[in-house]
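The structure appears right after this line, and notes come after that.
Reminder, nothing fancy here: chain letters follow the sequence lines and each chain counts from 1. Computed from a predicted structure; not experimentally measured.
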Amino acid sequence: MYLELQKRLGGAIRSVLKEKYDLELESVPLETPPDLRFGELATPIAFELARKLRKAPKMIAQEVVAALGVVEGFAGFEVAGAGYINARLDRGAAARVIAEVSDSHPFAGEAGERMGRPASAETNLPAEQDRGHALVEHTSINPNKAAHIGHLRNAILGDTFVRLLRAAGYKVDVQNYIDNTGVQVADVVVGFLHLEHKSLAEIRALIADRELRSRGAFYQGTTSVVPQTQPNQQGASAPEAVEPIDYYCWDLYARTSQWYTSGTNEENEARKRLRYDTLHAIEHGGNETAEVAELISTAVLRRHLETMLRLGIEYDFLPRESEILHLKFWEAAFEQLKKTGVLYKETNGKNAGCWVMTRPAAAGRPGAETTDGETDEDAKVIVRSNGTVTYVGKDIAYHLWKFGLLGRDFGYKRFFTYPKHDCWISAMEGEAVHPHFGGAQAIYNVIDSRQADPQANVIQALRGMGHAAEADHYTHFSYEMVALTPRCAVELGYDVPEEDRSRPYIEVSGRKGFGVKADDLIDKLIAATRAEVDARQTSRDEAGRQRIAEQIAIGALRYFMLKYTRNSVIAFDFKDALSFEGETGPYIQYAVVRIRNIFRKGGTTAEAALAELAGLAELGLYVSGEANEDIWALWLRAGRRTQVLEQCLATSEPAYLAKHAFQLAQEFNNFYHRHHILTEEDPARKTFLLATAAIVLRELMVTLTWLGIESPEAM
RNA sequence: GCGCCCGUAGCUCAGCUGGAUAGAGCGACUGACUACGAAUCAGUAGGUCGGGAGUUCGAAUCUCUCCGGGCGCACCA
């Protein structure tokens, strides 16, 4: 609603300025006044024009207001302060618009359902239903250990952004890149083969056993969006629970990392050699070491998908580095890079014999402009003097593929089955019939801010190859890390050095096995919400209570990861993460439950309430006047959903929507205490109050769905 | 050395492309359940927006500088 009115007012003011002063403005700044006393929209445009027109701002504002006359949807305009132009809405008409914006079935359906592309009416984005094909890469955890809280932030940010893109009318492919041939996997392979001295057969048996006996077995083939957690103590016939494979690897990876540096100098040298020999065997493929790597990385990957599914996060495609290597993606990219002159062979200096690329110009100085014959010592090495390609090189090839510019494709195999679709994985020889991935118009890479430089290199390469449009639609969706507060680290039993205890936060480290595992946190959250639900929902059955507890726990976790803007470091603490009061997911869920209770108790429905509103004459009366300002503010916020969505997309910042949902819930709770709906004696006013609740319910449910948070039936 | 990010209430964070009296949650203190269920609400206390200079009619927001904290800058992935 807001967007449309803003456009209309901006247009009206622009044409007045054109007519009166012969000024052509790109756009008119419009803002929300600090208080409803000043109207619903305002512009400080007169201040800007004061110098140009050599007139007092107040005078300009008065002239503009006089010339504006009548604008549809607005009740009037006035000048305030030193020259603000304030606009007042025709509240009755605006309220009708807010009430009518709705999707086909806003109150029905599972809120946690995988978001398809909603009807255009829901997003209120006319004529922009098909915005093109976007590709979002997120999660991308090295498949050698359990996911931790840092990975959760990545996946939740990415998944939420996917939902926002889909809500706005984009076709979106979700990819989770799997580095199954990197050093991290090699390290765990070294651990299995050389620390634990296990054979291929033993490793295979160990993984099979863990998949059977660990919680992983319980998530397999589940039909529920959020699988039931497996209560370890219950079910006497269940086999003895055992740590899942990703937990096992978590410890082994940490042990191996330590092992590299814990021997004598000679031993350490040998161990390092072993490490790189193992890495190269894995990269090369076709040997037993590579087979071990494949087994482990696939088993751990499966666990990651299970963990993420608990949060309602699904993927469409899992491209793996092994296929990027063996399908010769790099060779194809290399040809293009040479042909376009992006890469050149260095003959002098420290990089002699390497194929290098000029780095992106630094913001401060152009720096990297190589004049002929001069050696750019700062250039980025893409192909080493021994002929092997670096990580950035492989990444360039992968991104050419993402945009459909590589001229090669993966093989595709089904890998994981979700309730409503399949997730595919790359393969040398895939299935004959498969969906097509890649060839997107816009891509978003959810990768932490430490990778800013390599990401900039890839963009630079694309631009250098002449793919300017693609480079412009390449977004490094960066975010800051999740760290632990020193107190939390101590609480977890880690040895925290004295000098670290006064720091604001301590970085999580997979290599050191230092961090909070994702599944542990989720389990802990569910246990906490379950205790609350058990205390409140005494007449509900076991399964019902468990389901509600899970919905609340996931809501709390997702909201926690979304409430911070991307570039603020989250200093993780159980106290904050396990909180269900104040600015949290459960607070918003609770508002939804409250509204549902009103309709249940009142023996009516939200749909009926909105239908009745249509028959209410003089709607404007109920949203005007001193006594109704708070209600009008609530309606106005309810009308902001698409505006907030667009803001989130424009800035790649889901936190704004999280904030919006909270503020709407907060204003509703205030309204709830001030106006008792079901005991209202004036039938017309009761209709209006019920419709108010219905609109807030609709808005909260749609917004929560976009955030990936379900609405429990009771709390 | 170069680059990026951060510094706002006791704590954790918002503050939209510069705009009207700087906001929220938590914590502290005071109140509100014969209930549309208090995972809630109302109220009080609490801020030199890290320091300084500049641009502007106007700066938490833009520029410069200094201070403090974090993270990147490999023929590692």
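Side-chain contact check for A/N445 and A/Q455: at least one donor-acceptor pair (N or O, by modelled atom type) lies under 3.5 Å. One side chain, A/N180 or A/S322, offers a donor N or O that lies under 3.5 Å from an acceptor on the other. Using a 3.5 Å distance cut-off with no hydrogens or angles, the side chains of A/N154 and A/Y479 do pair a donor with an acceptor.
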Would you list the protein and nucleotides 17-21 of chain B atom pairs, both N or O, that sit under 3.5 Å from each other?
residue	atom	partner	partner atom	Å
B/rU17	O4	A/L30	O	3.3
B/rG19	O2'	A/E31	OE2	3.4
B/rG19	O2'	A/Y84	OH	2.3
B/rA20	O4'	A/Y84	OH	3.4
B/rA20	N6	A/N86	OD1	2.8
B/rA20	N1	A/N86	OD1	3.4
B/rA20	N1	A/N86	ND2	3.4

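When heavy atoms are screened at a 4.0 angstrom cut-off, A/Q451 is found touching no nucleic acid atom at all. Residue A/H660 is classed as having no contact, given no heavy-atom separation below 4.0 Å to the nucleic acid. Among the atoms of the strands shown, none is found under 4.0 Å from any heavy atom of A/G602. Using a 4.0 Å heavy-atom cutoff across all strands shown, A/N142 reaches no nucleic acid atom at all. Residue contacts shown for A/V392 are absent, as no nucleic acid heavy atom lies under 4.0 Å away. Residue contacts shown for A/Q537 include a base, since a base heavy atom lies under 4.0 Å away. Residue A/I552 is classed as a base contact, given a heavy-atom separation below 4.0 Å to a base.
Using a 4.5 Å cut-off on side-chain heavy atoms (C-beta onward), A/I60 and A/P57 make no contact.
Across B/rC64 and B/rU56, the matching C1' atoms stand 16 Å from one another, rounded to whole Å. Distance noted for atom P between B/rC75 and B/rG68: 31 Å (whole Å). The separation of B/rC13 from B/rG7, taken at their P atoms, amounts to 10 Å, rounded to a whole angstrom. Separation of the P atoms belonging to B/rA53 and B/rG58 is 15 Å when rounded to the nearest angstrom. B/rG1 and B/rC57 have their C1' atoms separated by 42 Å, with the value rounded to a whole Å. Separating the C1' atom of B/rA28 from that of B/rC67 is a span of 32 Å, rounded to the nearest Å. If you take atom P in B/rG10 and the same atom in B/rG47, they sit 7 Å apart, rounded to whole Å. With P as the reference atom, B/rG19 and B/rG25 are 23 Å apart, rounded to whole Å.
Salt bridge status for A/R530 with A/D534: present, with a side-chain N to carboxylate O gap under 4.0 Å. Electrostatic pairing of A/E480 and A/R153 does not count as a salt bridge here, judged by no charged N lying under 4.0 Å from a carboxylate O. A salt bridge links A/R547 with A/E710: at least one charged nitrogen is closer than 4.0 Å to a carboxylate oxygen.
The side chain of A/R600 places no N or O atom within less than 4.0 Å of a non-bridging phosphate oxygen (OP1 or OP2) of B/rC36. Contact annotation: A/Y590 side-chain N/O to B/rA39 OP1/OP2 distance is under 4.0 Å. Taking 4.0 angstrom as the limit, A/K575 places none of its side-chain polar atoms (N or O) nearer than this to OP1 or OP2 of B/rG27.
Following rounding to the nearest Å, A/D576 (CG) and B/rG27 (P) show an atom-to-atom distance of 10 Å. Look at CD1 on A/I382: it is 14 Å from C1' on B/rC76, rounded to the nearest Å. A straight line from CD of A/E581 to C1' of B/rA24 spans 16 Å, rounded to a whole angstrom. Atom C1' of nucleotide B/rC16 and atom CZ of A/R640 are separated by 10 Å, given to the nearest angstrom. Remark: P of B/rA35 and CZ of A/R596 are 24 Å apart, rounded to the nearest angstrom. If you measure from atom NZ of A/K659 to atom C1' of B/rC16, you get 13 Å, rounded to the nearest angstrom. When rounded to the nearest whole Å, the span between CD1 of A/I282 and P of B/rA77 equals 13 Å. Separating the CZ atom of A/R566 from the P atom of B/rC6 is a distance of 11 Å, rounded to the nearest angstrom.
Applying the ring-ring contact (aromatic ring centres under 6.0 Å, His included) test to A/F662 and every residue at least two apart in sequence or in another chain returns A/Y587. Listed by chain and number, the residues in a salt bridge (charged side-chain N to carboxylate O under 4.0 Å, His left out) with A/R37 are A/D35 (sequence neighbours excluded). By the salt bridge (charged side-chain N to carboxylate O under 4.0 Å, His left out) test, A/D453 pairs with no residue at all, sequence neighbours left out. Every residue meeting the salt bridge (charged side-chain N to carboxylate O under 4.0 Å, His left out) condition with A/R536, not counting sequence neighbours, appears here in chain and number order: A/E532. A search for salt bridge (charged side-chain N to carboxylate O under 4.0 Å, His left out) contacts involving A/E653 returns A/R566, not counting sequence neighbours. Partners of A/F688 by ring-ring contact (aromatic ring centres under 6.0 Å, His included), not counting sequence neighbours, listed by chain and number: A/Y622, A/W635.
Residue pairs meeting the salt bridge (Lys or Arg N to Asp or Glu O under 4.0 Å) criterion with at least one member in residues 575-595 of chain A, sequence neighbours excluded, are A/E583-A/K659. Residue pairs meeting the side-chain hydrogen bond (donor to acceptor under 3.5 Å, both in side chains) criterion with at least one member in residues 45-61 of chain A, sequence neighbours excluded: A/K55-A/E63.
Among the duplex regions that RNA chain B forms, those built from at least three successive Watson-Crick or G-U pairs under 3.5 Å are B:1-7 with B:67-73, B:10-13 with B:23-26, B:28-32 with B:40-44, B:50-54 with B:62-66, ordered by first number.
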Letter by letter from the 5' end, nucleotides 68-75 of chain B scores (B base, S sugar-phosphate only, - none; protein heavy atoms under 4.0 Å) --SSSSSB
Contact string for nucleotides 41-46 of chain B, one letter per nucleotide 5' to 3', B = base within protein heavy-atom range under 4.0 Å, S = sugar-phosphate only, - = neither, reads SS----
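Residues A/Y398 and A/Y177 bring their aromatic ring centres within 6.0 Å.
With RNA chain B read from its 5' end, the first of the two nearest nucleotides for A/A571 and A/L678 is the one closest to A/A571. A residue-by-residue look at A/T679 and A/T388 shows that A/T679 has its nearest nucleotide of RNA chain B further toward the 5' end.
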